[in-house]
Amino acid sequence: MRVHLYGNQLMLRAVTVFAFALFCIISFGHVEPAFGKDDGVTSIFSPLAQPAQEIKETSVLVLAVCTVIFIVVAGLLVYGLIRFRHRAGDEASEPPQVYGSNQIELAWTVLPILIVFVLILVTSRTIADIQNRKPPPGAVQATVVGHQWWWEIRYPELGIVTANELHVPASTGNSHQPTFLKLQSADVAHSFWVPQLAGKTDLIPNKENRMWIEPTIPGTYLGNCAEYCGTQHARMLIRVVVHPPDEFDRWAREQQQSAPIATTAVEGQKAFFANSCVNCHTIRGTSAQGKFGPDLTHLMNRETLGAGAVTNTPDNLRLWVRDPQKFKVGCLMPNMQLTDQEVNQIAAYLQTLK
Ligand code: CUA
């Protein structure tokens, strides 16, 4: 008797846990605000671009089929547990054993095969659609290089190098302008993931992966590195800024310019070049040509510092220059032990990099 009751309770417990998990996934997975933007949604359930939409449609279909199977199986199980549970006065002997029903055995063999076959077809069609997409004329080409813990972004055809914010044009009604990305890594494995735009693709050392995105709605889309890559993996955020096409062209022209020549903050410029900043950072149009850290040529156009660690405000910039470890413990930019005066001067110089 105890055994039968236990089975019943276990089932109930399993159903409760499943329902709670489903509730959590649906409610919290949907509205998680991402850093720096209260309305920043990083949910795979609200895609706003290809291929994320196509992936979502496939996943909803798979999820629906699996849910129906789960409800049928769990329903039959619960029905069996309740209907045939042990009752007072039942005989203690084994119930009659039934073997070999051709119909039932055929049904539970053929039906799952058909279901799996349909799911394979739908999934492979989606994968092929996404992977075989060729860049149309006018597509933007960008290379994204994962570093511990920031993103280097290059547009070889446009001659632009930037960091942590990928700017792309939106596709409008009759002009398709997708962005094709080459993904590389400078150190360990990372993963590029902006849930509303596309699925994850890893950035692997010594291997080049590819992906593409085609957003249609201008705005800022948030994402993270999605492959554990060390201490500051959680602060390796990526922003994709989608512009209307003409605005993108304007952005590109601005980025192609070298850094403006400092007319103010000349002291800061001297301090920047006197310290070892130049060993790691490039400022185009100057002798700073370091490659280890982010290109700073147009630093002031970026919304955040340290790949999303903090918003790019004058105060945060000063604090960052004084000691980056304060915002991002373990990041590869050390505390340079600058004096207060040097910190203020260098921060003032960096603010001229518009
Ligand atoms: Cu880069 Cu995790």
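Read the numbers this way: they start at 1 and go in the same order the structure lists the ligands and their atoms.
When atom 1 (Cu) of ligand 1 is compared with the N/O/S atoms of His190, atom ND1 turns out nearest. Closest approach between atom 2 (Cu) of ligand 1 and any N/O/S atom of His233 involves ND1. Among heteroatoms of the N, O or S kind in Glu227, O lies nearest atom 2 (Cu) of ligand 1.
Considering Arg133, Gln50, Gln177 as possible partners of Glu214, the one that fulfils the side chain to side chain donor-acceptor pair (under 3.5 Å) test is Arg133. Exactly one residue among Trp149, Trp150, Trp151 makes a ring-ring contact (aromatic ring centres under 6.0 Å, His included) with His147. That residue is Trp150.
Grouping the Ile, Leu, Val, Met, Phe, Trp and Tyr side chains by contacts below 4.5 angstrom, directly or via other members, places Val145 apart from Leu203.
Cys229 contributes SG and Met236 contributes SD; the angle these two atoms make at atom 1 (Cu) of ligand 1 is 110°, rounded to 10°.
Tyr79 and Phe84 have perpendicular rings, their planes meeting at more than 60° on a 0 to 90° scale where under 30° would count as parallel.
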